[in-house]
Amino acid sequence: MTGPSNPDPDPRGLSEERTPPGATPPAESGTSTGTGPYRPPRRGWASGPLLIIWSLALLFALFFLVYAILLALA
C-alpha cells in the first residue's frame with residue numbers, strides 16, 4: 001500500500017531560485033493604471049430605455065386594473 005501523495009516537493013532538493021513549499025509567490029498586477037485611455041464611468045441608464053421600461057410597466061398595471069374592474073362588475 002502506498003502512502004498519501006505530497007503535492008509539495010522535497011525542500012532539500014530545491015534551489016534558492018524556486019519558491020519553497022507553502023510559500024506564496026508574489027501576485028501579478030493585472031489592474032495597472034496604464035492599461036488604456038481614461039474613460040469616465042457612465043452614470044445610470046440612458047433616458048430612452050428607462051422611458052420604455054416605465055411605459056411598459058404602466059401599461060401592464062393599467063391592463064390588470066381594468067381587468068380587475070371588469071371582473072368585479074361581471
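Considering CG of L56 and CG of L51, their distance stands at 9.5 Å, rounded to 0.5 Å.
Hydrophobic clustering of Ile, Leu, Val, Met, Phe, Trp and Tyr side chains at less than 4.5 Å, counting indirect connections, unites L73 with L65.
Note: Y67 and F63 have parallel aromatic rings, judged against thresholds of 30 and 60 degrees for the angle between ring planes.
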